[in-house]
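Down below is the structure, laid out as structure tokens.
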Amino acid sequence: AYFIGGCRNLTEINLSSINLASATNISEMLARLNVQSIDVTPLNTATVIDMSGLFNYCNYLTTIDISSFDTSNVINMANLFGYCRNLTSINFGPLDTSNVTNMANLFAGCNNLQNIDVAHLNTTKVTNMSGFFSYCNSLTSINLSSLDTSNVSNMSNLFRNCSNLQSVNIANLNTSNVTKISDMFANCQSLTSIKAGSGFDLTKVTYLNNIFQNCNAFTELNLEMFCNLSNIRGVNSLFTNCANLQSVELSTLGEATML
């Protein structure tokens, strides 16, 4: 499905003659291009099921407007904007994501995105949200209040390497079906505050590996913010290189080993 993906010497693209009327897979179609702008308005995406990695590694794009897309049948949006390192804004418009199940690494590596408005995204059916915001180095805060994560099973690397993220409120995230959460905050070197609520239930999680690894700014952590840790079997490198950590409340970990 690459089509013109990877044609790094292209300086401009005209998509007006492309007919996607019956296309179901356009994954990586425009990936790894060095163009500074792409007008995707002519693309008919009504039958598309897989648009994973569509703009993956388009390092020179600063803005992307997908407000014209019909995404009502899309299931896979993994890496849609992955590693668009100079991207500063995204226009979602009335994007229909009601059937999407895979949003892994959706914004991963978007180093220059200072704000990400996820209010436009319907995540009701999403099961994979791993790496969703990973390596978004310019984010200092994120509003997650609109995200429906009731069917998500994979949240590993969710905020990994968000090096300027200072605080995050995860109280509204429903984690009742989450089984994978490793590296969730790893390398968030500016993070000093995490707010979790009673809905942050980790009953189905067995490993908390590397969750706070290299979180240098924390001076204290209380794992009581994570509910129902009774099934935790391993916590490898949970606090590795948390150089300023002075106090940790671990009573809810029970028999978990290998800190």
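For clarity, every value in this text was computed on a predicted model and none was experimentally measured. Just the heavy atoms: all of them, side chains too, but no hydrogens, waters or symmetry mates, feed the values below.
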Spell out, as yes or no, whether a donor-acceptor pair under 3.5 Å connects the side chain of Asn177 to the backbone of Ser150.
-> yes
For residues Val168 and Leu191, determine if any side-chain heavy atom of one lies less than 4.5 Å from a side-chain heavy atom of the other.
-> yes
Asn115 atom CG, over 12 foreign heavy atoms within 6.0 Å = no
If you measure only the distance, is there a donor-acceptor pair under 3.5 Å linking the side chains of Asn161 and Ser163?
-> no
Chi angles and distances behind the side chain to side chain contact (heavy atoms under 4.5 Å, CB included) call for Phe212, Ile194 = CA-CA 11 Å; Phe212 302 109; Ile194 300 173; 3.6 Å; yes
Look only at the side chain of Thr127 and the backbone of Asn151, and say whether a donor-acceptor pair between them is shorter than 3.5 Å.
-> no
Going by the salt bridge (charged side-chain N to carboxylate O under 4.0 Å, His left out) test, which pairs reach into residues 148-165, not counting sequence neighbours?
-> Arg160-Asp183
Test side chain to side chain contact (heavy atoms under 4.5 Å, CB included), reference Met77, set Asp50, Leu106, Thr101, output is Leu106
State, without any angle test, whether Asn99 and Lys125 hold a side-chain donor-acceptor pair at a distance under 3.5 Å.
-> yes
Only residue of Asn157, Leu208, Leu158 satisfying side chain to side chain contact (heavy atoms under 4.5 Å, CB included) with Met184 is Leu158
Donor-acceptor contact present, side-chain Asn164 to main-chain Asn137, <3.5 Å | yes
With sequence neighbours left out, what residues match Ile116 under side-chain contact (heavy atoms from CB on, under 4.5 Å)?
-> Phe107, Leu113, Val118, Phe133, Cys136, Leu139
Is the side chain of Asp70 donor-acceptor paired with the backbone N or O of Ser72 at a distance under 3.5 Å, no angle test?
-> yes
Is there a donor-acceptor contact under 3.5 Å from the side chain of Asn76 to the main chain of Met51?
-> no
Asn128 CG to Met103 CE distance, which is reported to the nearest 0.5 Å | 11.0 Å
Find the distance between CG (Asn105) and CG (Leu80) and round it off to the nearest 0.5 Å.
-> 11.5 Å
Where the side chain of Asn187 meets the backbone of Cys162, is there a donor-acceptor pair that is under 3.5 Å apart?
-> no
Kindly say whether Ala104 contributes a backbone atom to a donor-acceptor pair with the side chain of Ser130 at under 3.5 angstrom?
-> no
Is the backbone N or O of Asn59 less than 3.5 Å from a side-chain atom of Asn86, with the two atoms forming a donor-acceptor pair by type?
-> yes
Establish, from distance only, whether the side-chain atoms of Asn79 and Asn56 form a donor-acceptor pair under 3.5 Å.
-> no
